[in-house]
Number of protein chains: 2
Amino acid sequence: MQRKPTMNDVAHRAGVALKTVSRYVNGDPTIGADYADRIREAIAELGYRRNMAAARIRPGQSAKMIGLIISDLSNPYFATLARAIELGAAAAGYMLTIASSEEDGARHDLLVDRLLEQQVDAIIDVPPRAPGRAWRDIPPPLPPLVFVDRPSDWAAADTVLADNAGGARSATRALLHAGAGTVAFVGDSVEIFTMGERLTGYRQALVEADRPVDDDLVRDTVHTVDDAMRVVLDLLAGGRAQAVFAANNRAALGALRAFRLAETFLPMIGFDEFEAAALINPPISVVSQDIQAMGRAAADLAVARLNGSDIPCTTTVLPTSLILRGSERLLPAF
Amino acid sequence: MQRKPTMNDVAHRAGVALKTVSRYVNGDPTIGADYADRIREAIAELGYRRNMAAARIRPGQSAKMIGLIISDLSNPYFATLARAIELGAAAAGYMLTIASSEEDGARHDLLVDRLLEQQVDAIIDVPPRAPGRAWRDIPPPLPPLVFVDRPSDWAAADTVLADNAGGARSATRALLHAGAGTVAFVGDSVEIFTMGERLTGYRQALVEADRPVDDDLVRDTVHTVDDAMRVVLDLLAGGRAQAVFAANNRAALGALRAFRLAETFLPMIGFDEFEAAALINPPISVVSQDIQAMGRAAADLAVARLNGSDIPCTTTVLPTSLILRGSERLLPAF
DNA sequence: GTGAAAGCGCTAACAA
DNA sequence: TTGTTAGCGCTTTCAC
């Protein structure tokens with residue numbers, strides 16, 4: 001493998017000074033046309049490619065790279081979010097270094113360290129459920145920071161959230177409105193911010209409708225689809241639940257499996273759109289987050305900071321929408 | 001925002017030479033214990049963090065970063081693949097810069113250029129359907145290169161594929177075996193490598209069973225779910241197809257929509273697992289690729305090259321598995 | 001075992 | 001408009 005041609009090689013070949021090549025490469029317009037031609041030729045002949053790593057070591061320079069930490073790239077929700085962020089970043093000329101924290105605080109912190117070592121221009125972060133080191137314990141300077149999906153203890157950063165409580169509230173209300181006497185909550189640990197919010201919204205809806213909050217109907221230990229299935233089977237056996245609010249994707253899929261297994265279908269609404277939702281019989285109603293908008297907002301906020309925006313840090317809460325497809329009612333046909 | 005502490009600052013603070021700090025940071029064992037302590041303290045007090053970008057500019061150094069180009073991060077197939085690659089890369093201490101080519105050759109080439117500028121240690125690539133610049137036209141030196149999911153014209157790279165033909169063959173065979181007199185092929189353009197392979201497998205199965213290949217039953221113009229739905233409705237109207245092999249995800253979803261619309265269900269098998277497959281009634285049989293294994297293999301190959309492996313370039317073809325759930329048979333109940 | 005000096009590829013200041 | 005010089009933060013000779 002031969003040596004990579006450097007800017008110096010180009011300068012020699014073109015018979016100009018190093019700095020002139022640098023100017024050319026950086027799009028400086030004040031270059032004589034003949035010089036520009038010679039440089040262009042030399043670059044083509046040598047197959048020269050600029051070394052961003054070298055350019056970046058100088059303070060004030062950047063590699064046009066944003067670091068993104070999410071929970072798990074194979075989760076469609078986060079994949080979609082990452083994609084939306086990628087689009088927003090690309091529009092401003094940034095690429096993305098993406099890493100999965102697996103909701104593990106220690107791993108998350110390690111990823112932060114590595115991104116900082118890499119001198120990324122900004123970090124967009126989904127704070128993990130299991131908390132690690134606090135951001136304030138990281139010695140400054142920190143690059144611009146944006147939190148998505150969940151907030152953080154660190155105030156000096158922009159935050160983009162969905163209206164989890166509102167979505168859960170409208171879903172629960174829709175179930176009650178469709179005639180359910182009781183509604184069960186099936187979700188992951190309420191220590192996860194979004195789950196806590198969704199539980200709050202669920203409770204609000206019950207209180208507003210003058211229904212008691214039955215703790216036996218609140219199940220917040222669902223980490224996997226299988227967990228959810230077991231929990232819903234248990235709820236079916238208990239006989240107290242007349243409807244199910246599945247507070248995330250996995251909970252919804254698990255509930256559907258349980259219904260199929262038990263050959264009983266309770267009215268249900270899920271949180272987050274999923275591929276199967278419209279195809280299943282009955283089609284599943286869901287609370288839908290505008291993931292594209294969240295990702296775009298996060299990327300735009302990061303880019304704005306990189307462009308020197310100095311406005312106070314903001315928290316953006318994006319609305320959710322309730323998509324009713326029929327599963328909120330009890331279907332005699334099933 | 002204050003200045004970042006440098007290795008020099010640490011050296012001053014600890015009262016040692018710059019090089020000693022460098023040794024410490026790089027894990028050189030030949031350092032006096034007292035020196036090491038002093039350096040560790042100085043690093044902690046200053047909040048020093050190593051600047052990988054600076055370390056990397058020296059030839060032979062690396063930032064432990066692999067570039068990954070896929071079609072679309074929001075596609076669950078590629079998100080899962082990316083996640084598997086991330087795991088393999090992380091195991092060897094590498095992070096991933098991920099970008100979506102959107103199947104666009106020009107965009108793909110731009111991403112390659114940017115990754116090369118970033119001095120990534122290796123590139124893992126899903127070649128886009130629309131071809132752009134050939135790899136051989138890129139002036140060397142190139143970092144190690146691995147192709148996943150589809151092969152490329154470029155021989156000097158390892159390649160990881162799934163056994164598309166074999167999967168299609170077994171699916172078609174299963175449909176015939178279940179009693180179908182004819183099987184339709186519904187898929188995307190056979191110019192896409194994976195599609196061509198799947199069509200080949202489909203044909204093999206027909207030939208092996210002494211059935212004619214009816215060109216009217218081969219539909220390779222399905223780019224979207226809607227396309228697929230229309231094509232399958234047309235097949236139903238034609239009356240010649242007794243079963244459907246849906247050669248990708250979108251084809252399978254479209255077929256299901258068509259069946260629902262026409263209130264007719266033909267025996268079918270899809271290619272690629274999808275979330276809804278097991279939940280739909282009847283549960284859909286699919287050819288499943290081991291995406292984890294593919295991603296892992298790709299990452300391992302890249303890492304092996306980075307570790308200096310000099311063995312000839314390989315093409316790994318991973319087996320697919322046929323998951324029969326019932327949709328391959330005609331269900332009277334539907 | 002430790003340190004001084006040179007230089008990686010590039011950009012910023014300043015001259016010319 | 002172009003070139004010269006210095007230096008970014010780090011690693012690498014090669015002395016001590």
Side-chain angles (χ1 to χ4, degrees), chain A residues 1-40 42-43 46-65 116-121 141, chain B residues 1-40 42-43 46-65 114 116-121 141 143:
Chain A
M1 176 123 62
Q2 67 208 70
R3 198 178 61 83
K4 285 190 185 134
T6 74
M7 198 176 262
N8 225 325
D9 299 333
V10 176
H12 270 114
R13 177 113 188 181
V16 302
L18 175 61
K19 180 59 198 172
T20 310
V21 180
S22 172
R23 287 205 183 88
Y24 175 85
V25 167
N26 287 326
D28 189 324
T30 67
I31 286 189
D34 49 338
Y35 277 73
D37 287 344
R38 296 229 300 279
I39 293 172
R40 178 167 33 251
I43 287 180
L46 263 46
Y48 167 76
R49 202 184 307 274
R50 173 195 205 176
N51 183 336
M52 286 298 273
R56 153 164 57 177
I57 75 172
R58 194 152 280 271
Q61 295 291 312
S62 99
K64 297 293 229 173
M65 182 73 72
L116 291 175
E117 280 184 355
Q118 296 283 350
Q119 314 295 116
V120 293
D121 299 308
Chain B
M1 172 127 60
Q2 68 207 69
R3 199 177 62 82
K4 286 191 183 126
T6 74
M7 197 176 266
N8 225 325
D9 299 331
V10 175
H12 270 116
R13 178 113 188 180
V16 301
L18 176 61
K19 178 60 200 171
T20 310
V21 180
S22 172
R23 286 204 185 88
Y24 175 85
V25 167
N26 286 318
D28 190 323
T30 66
I31 287 188
D34 46 338
Y35 279 73
D37 287 343
R38 295 229 301 279
I39 293 172
R40 179 170 31 252
I43 287 180
L46 263 47
Y48 167 76
R49 201 185 304 278
R50 174 194 205 178
N51 183 335
M52 286 298 276
R56 156 164 55 177
I57 74 171
R58 195 151 281 265
Q61 296 291 315
S62 100
K64 297 292 228 174
M65 182 72 75
R114 293 220 45 194
L116 291 175
E117 281 183 357
Q118 296 284 349
Q119 315 294 116
V120 293
D121 299 309

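Lettering of chains follows the sequences in order, A, B, ..., and the numbering in each one begins at 1.
For the pair A/M7 CE and C/dC8 C1', the interatomic distance rounds to 14 Å; values are reported in whole Å. Nucleotide C/dT2 holds its P atom 9 Å from the CZ atom of B/R38, rounded to whole Å. If you take CE of A/M52 and P of C/dT11, they are 9 Å apart, rounded to a whole angstrom. Taking atom CD on A/Q119 and atom C1' on C/dC10, their separation rounds to 15 Å, with Å as the unit. The nearest whole Å value for the distance from the CD1 atom in A/I43 to the C1' atom in C/dC10 is 14 Å. Counting to the nearest Å, the C1' atom of D/dC10 and the CD atom of A/Q118 are 14 Å from each other. If you measure from atom CZ of B/R58 to atom P of D/dG9, you get 15 Å, rounded to the nearest angstrom. The separation between A/N51 atom CG and D/dC8 atom C1' is 13 Å, rounded to whole Å.
With sequence neighbours excluded, the residues forming a side chain to side chain donor-acceptor pair (under 3.5 Å) with A/D121 are A/S62, listed by chain and number. Applying the side-chain contact (heavy atoms from CB on, under 4.5 Å) criterion to B/D9, with sequence neighbours excluded, gives B/R3, B/P5, B/T6, B/L46. With sequence neighbours excluded, no residue forms a side chain to side chain donor-acceptor pair (under 3.5 Å) with B/R23. Residues satisfying the side-chain contact (heavy atoms from CB on, under 4.5 Å) criterion with B/R40, sequence neighbours excluded, are B/Y24, B/D37. Every residue two or more places apart in sequence or in another chain was checked for a salt bridge (charged side-chain N to carboxylate O under 4.0 Å, His left out) with B/R58, and none qualifies. With sequence neighbours excluded, the residues forming a side chain to side chain donor-acceptor pair (under 3.5 Å) with A/R13 are A/E45, listed by chain and number.
When each of D/dC10, C/dT11, C/dG9 is scored by its nearest atom to the side-chain atoms of B/I57, the top-ranked nucleotide is C/dG9. Side chain of B/A17, nearest nucleotide from C/dG3, C/dC10, C/dA12: C/dG3. The A/Y35 side chain lies nearest to D/dG3 when the options are D/dG3, C/dT2, C/dC10. The side chain of B/Q61 lies closest to D/dT11 when the candidates are D/dT11, C/dT11, D/dG9. If you check C/dT11, C/dG3, D/dT2 against the side chain of A/T20, the one that comes closest is D/dT2. Side-chain atoms of B/R3 lie closest to D/dG9 of the nucleotides D/dG3, C/dG9, D/dG9.
Listed here is the closest heavy atom pair of A/Q118 and A/R56: O-NH1, 3.0 Å. In plain terms, the two heavy atoms of A/R38 and A/G15 that are nearest each other are NH2-O, 3.5 Å. Across all their heavy atoms, A/Q119 and B/K4 have their closest contact at NE2-NZ, 3.2 Å.
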If you look only at distance, which donor and acceptor atoms sit under 3.5 Å apart when one is on a side chain in residues 27-34 of chain A and the other is two or more places apart or in another chain?
residue, atom, partner, partner atom, Å
A/D28, OD1, A/T30, N, 2.9
A/D28, OD1, A/T30, OG1, 2.8

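Looking at which nucleotide of DNA chain C each of B/G15 and A/K4 is closest to, the 5′-most match is held by B/G15.
Rotation axes derived from the C1' atoms of the five outermost pairs at either end of the helix from C/dG1-D/dC16 to C/dA16-D/dT1 lie 30° apart, to the nearest 10°.
Taking every heavy atom of residues 21-32 of chain B and every atom of DNA chain D, pairs under 4.0 Å involve B/S22, B/N26, by number.
Residue A/R50 places at least one side-chain N or O under 4.0 Å from the OP1 or OP2 atom of C/dT11.
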